[in-house]
Number of protein chains: 2
Amino acid sequence: MTKLNERRKAILRAIIQSHIDLNIPIGSILITQRFSIGLSPATIRNTMAKLEELGYIIQPHTSAGRVPTEKGYRFYVDTLMEEETFSINSALSDELSGRLGIIRKDCNSLIKEAARTLSLFSRYLAIATPPRMEDIVLKRIKFIKYEKKKMLAILISEEGLVKNKIIELDHIHSQKQLDRAANYLNNRFSGLVIKKVKEKIAYQLYKEKTMFDQLIDSLLYLCKDIVPLENNDFSLDGLSGTSNLPDFATLKQIKAILRAIEDKNFMLKLLHRVSESRGTQVFVGMESILPAMKELSMVVSTFNNKKLASGAVGIIGPTRMNYKKMIPIVDHTAKALTQILSET
Amino acid sequence: MTKLNERRKAILRAIIQSHIDLNIPIGSILITQRFSIGLSPATIRNTMAKLEELGYIIQPHTSAGRVPTEKGYRFYVDTLMEEETFSINSALSDELSGRLGIIRKDCNSLIKEAARTLSLFSRYLAIATPPRMEDIVLKRIKFIKYEKKKMLAILISEEGLVKNKIIELDHIHSQKQLDRAANYLNNRFSGLVIKKVKEKIAYQLYKEKTMFDQLIDSLLYLCKDIVPLENNDFSLDGLSGTSNLPDFATLKQIKAILRAIEDKNFMLKLLHRVSESRGTQVFVGMESILPAMKELSMVVSTFNNKKLASGAVGIIGPTRMNYKKMIPIVDHTAKALTQILSET
DNA sequence: AATGTCACTCTACATCCAAGAGTGCTGATT
DNA sequence: AATCAGCACTCTTGGATGTAGAGTGACATT
């Protein structure tokens with residue numbers, strides 16, 4: 001890690017903040033005007049030359065001002081910003097919590113509302129995933145006969161997630177039989193994390209091959225079909241609001257985002273990776289993740305319920321977004337979600 | 001309706017087809033080169049002047065070629081194209097049906113797949129709505145106790161639609177009681193269209209105010225809450241594929257589409273309006289519907305099950321899209337959906 | 001009525017120029 | 001040794017200018 005002395009830090013901070021505000025290359029004179037650093041433009045130029053050499057800023061062309069590089073933003077978010085204390089406006093905080101609190105519906109609606117709120121407040125694209133299926137706690141299973149050889153399997157989780165899926169059976173079962181199978185499953189697996197449920201089922205199938213036929217059958221089916229029951233969805237909001245922002249509206253970027261979003265698997269993997277660690281994370285310049293997402297950044301945080309299942313909420317915006325504002329907003333939203341989910 | 005003689009029709013057709021192919025203003029010489037009409041450019045110019053006077057084509061500026069107006073496209077779709085017979089390529093037809101047929105899952109997945117397929121084949125934005133909630137046939141209702149004063153209501157329709165919703169109760173009910181209520185509802189309302197169910201419930205509530213308490217309670221809740229259970233979703237596909245198309249990618253248009261889509265209510269209303277009539281419809285130049293959607297057209301068709309519930313599938317593209325190709329594709333997709341839904 | 005011709009109009013594109021912004025370097029100052 | 005003022009230089013931006021090409025409308029001709 002290259003160490004920067006105080007002056008260089010101050011000037012880098014000034015450049016980045018100015019660039020966030022104005023979205024133009026920042027020259028030495030502009031900095032002396034906007035900040036009272038007590039240095040002449042010439043001195044600042046010297047420092048800027050050094051910062052460029054170190055890779056924190058770059059000149060789009062000779063005789064233009066400097067623009068922060070990804071490395072510059074990274075350093076800003078990690079180091080420069082950390083040194084300041086930024087707290088969320090308390091009125092804003094109340095409003096955020098309020099919007100989520102009113103609803104108090106099931107988990108899915110809550111997550112949708114979170115995305116909507118986040119996009120509203122950030123004016124960027126907001127994303128939110130429910131907890132990963134593997135990590136949720138099974139509350140109740142229910143089978144409902146649907147047609148001769150089809151049933152509807154319903155999974156309810158402690159967190160308030162509801163998933164249903166039509167499963168084809170290869171024998172005809174009566175509703176009674178289905179009920180019995182569901183009861184059996186409920187008794188044995190209720191209160192466990194889905195991942196554990198899967199393991200147990202696999203073990204049981206392996207060990208006691210024949211108990212009573214239909215039951216094992218149902219188990220087998222459930223076991224097989226619980227995997228594609230994986231959460232393959234996330235909420236998304238603010239697409240149109242986003243494109244209002246003039247500097248976020250370059251066609252290239254919108255296309256990049258759309259493409260990434262369309263590939264839901266990709267986004268899900270990314271978000272789940274995030275939710276493995278806690279707290280608010282900032283991805284600066286996402287091209288290391290997806291080349292098309294150059295010049296985009298993501299601020300994302302995790303929420304959780306009883307320290308078990310965790311989902312993610314966040315925003316995607318231009319690399320030169322106002323992290324000082326956005327990080328607290330995302331952070332607070334995630335915390336509010338965690339609180340609401342814990343209350344239930 | 002202004003009548004056009006054969007020559008004018010032929011030239012208008014030539015202009016529109018050329019414009020669809022090339023996306024540039026069409027001049028008189030170009031037409032003589034592309035078509036063997038047997039007329040000189042000068043004659044064509046005279047006719048073009050007349051067509052412009054009548055409002056079918058327009059000059060972007062003096063000494064540019066002509067571009068079809070909305071009226072021109074409308075006339076093309078309604079009259080000129082009708083005169084030709086266009087049938088879908090049978091290989092394409094098989095592939096369309098095939099992609100949908102393989103799945104044969106529940107209605108929701110089917111609709112998603114339809115949107116995906118349509119966007120794939122058209123390279124435009126595809127939309128699809130499930131049948132309107134009001135029109136589906138109730139197959140089974142199930143209540144599952146969720147928490148002290150909450151239950152999960154599950155609605156299964158004949159069409160294979162499954163909707164669930166967490167409903168708050170103001171008394172504590174046992175699962176037994178919930179089952180009894182559900183049974184009561186199933187016995188009385190199964191096989192009816194939701195619209196009818198609502199009516200009947202309203203009537204019953206009005207007439208026999210007190211039967212046995214909890215039952216009426218549950219009914220009341222269902223009745224109240226079945227309304228927001230309205231289908232508020234539609235599938236959408238091809239956003240990123242769409243933006244591949246260079247001439248469809250103007251930022252303005254993408255923004256317009258995004259905005260319209262984000263306002264789900266608006267799109268739903270539009271699609272439901274469509275599904276009131278049968279067959280494939282073409283909306284040319286949608287600015288009469290939404291000003292921002294200028295220069296966009298929609299080709300949309302309805303599918304249905306047993307002549308009862310009907311949903312809509314379609315594509316949104318630039319006004320100068322290739323209607324000759326697109327209409328059969330949409331048409332066929334809708335028909336394939338209808339067939340698959342009827343088989344079940 | 002259909003066609004050939006020609007002057008006219010307008011766009012698109014390249015070129016040029018001037019203004020402005022910003023830099024790096026040098027030499028003087030503290 | 002650090003700071004700073006001054007200056008020559010570079011590069012972008014925007015407006016102005018000119019030209020080639022496409023297309024038209026009008027008019028005379030067949």
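First the proteins, then the strands, lettered A, B, ... as listed; each starts at 1. Small disclaimer: the values here were computed from a predicted structure and weren't measured. Keep in mind that the numbers below use all heavy atoms, side chains included, and drop hydrogens, waters and symmetry copies.
Mapping A:Ile44 and B:Ile26 onto DNA chain D by nearest heavy atom places A:Ile44 at the nucleotide closer to the 5' end. Nucleotides of DNA chain C nearest to A:Ala64 and B:Asn46 differ in position, and the one nearer the 5' end is that of B:Asn46.
At least one donor-acceptor pair closer than 3.5 Å links the side chain of B:Thr319 to the backbone N or O of B:Leu296. In this structure, the side chain of A:Arg320 engages the main chain of A:His19 through a donor-acceptor pair within 3.5 Å. In this structure, A:Thr69 contributes its side chain and A:Tyr56 its backbone to a donor-acceptor pair below 3.5 Å. Side-chain N or O atoms of A:Arg34 include none that pairs as donor or acceptor with a backbone N or O of A:Ser18 at under 3.5 Å.
Rounding to the nearest 0.5 angstrom, the gap separating the CD1 atom in B:Ile26 from the CD atom in B:Gln59 is 13.0 Å. Here CZ of A:Phe75 is found 5.5 Å from NZ of A:Lys9. Values are rounded to the nearest 0.5 Å. Note that CD1 of A:Ile15 is 4.0 Å distant from CE of A:Met48, once rounded to the nearest 0.5 Å.
Between A:Asn5 atom CG and D:dA1 atom P the separation is 17 Å, expressed in whole Å. What separates CG of B:Leu51 from P of D:dG25 is a distance of 12 Å, to the nearest Å. Counting to the nearest Å, the C1' atom of D:dT24 and the CD atom of B:Gln59 are 7 Å from each other. Residue A:Ile58 contributes atom CD1, which lies 17 Å from atom P of C:dG22 at whole-angstrom precision. Separating the CD1 atom of A:Ile15 from the P atom of C:dG22 is a distance of 12 Å, rounded to the nearest angstrom. Note: CD (B:Glu52) to C1' (D:dG23) measures 12 Å, nearest angstrom. Between the P atom of D:dG23 and the CG atom of B:Leu22 lies a distance of 11 Å, rounded to the nearest Å. At whole-Å resolution of the value, CZ in A:Arg66 and C1' in D:dT12 are 16 Å apart.
Phosphate contact (OP1/OP2 of D:dC11, side-chain N/O of A:Thr62, threshold under 4.0 Å): present. Using a 4.0 Å cut-off, some side-chain N or O of B:Arg7 falls inside it from OP1 or OP2 of C:dA2.
You'll find that the side chain of A:Ala42 is closest to D:dC4, out of D:dT24, D:dC4, C:dT3. Here D:dG6 is the nucleotide among D:dG6, C:dT9, C:dG22 with the atom lying nearest to any side-chain atom of A:Arg45. Picking from C:dG22, D:dT3, C:dC10 the nucleotide with the shortest atom distance to the side chain of B:Ser63 gives C:dC10. Closest contact between the side chain of A:His61 and the listed nucleotides D:dT24, D:dT12, D:dT10 involves D:dT12.
DNA chain C lies under 4.0 Å from at least one heavy atom of each of the following residues of residues 28-40 of chain B: B:Gly38, B:Leu39, B:Ser40.
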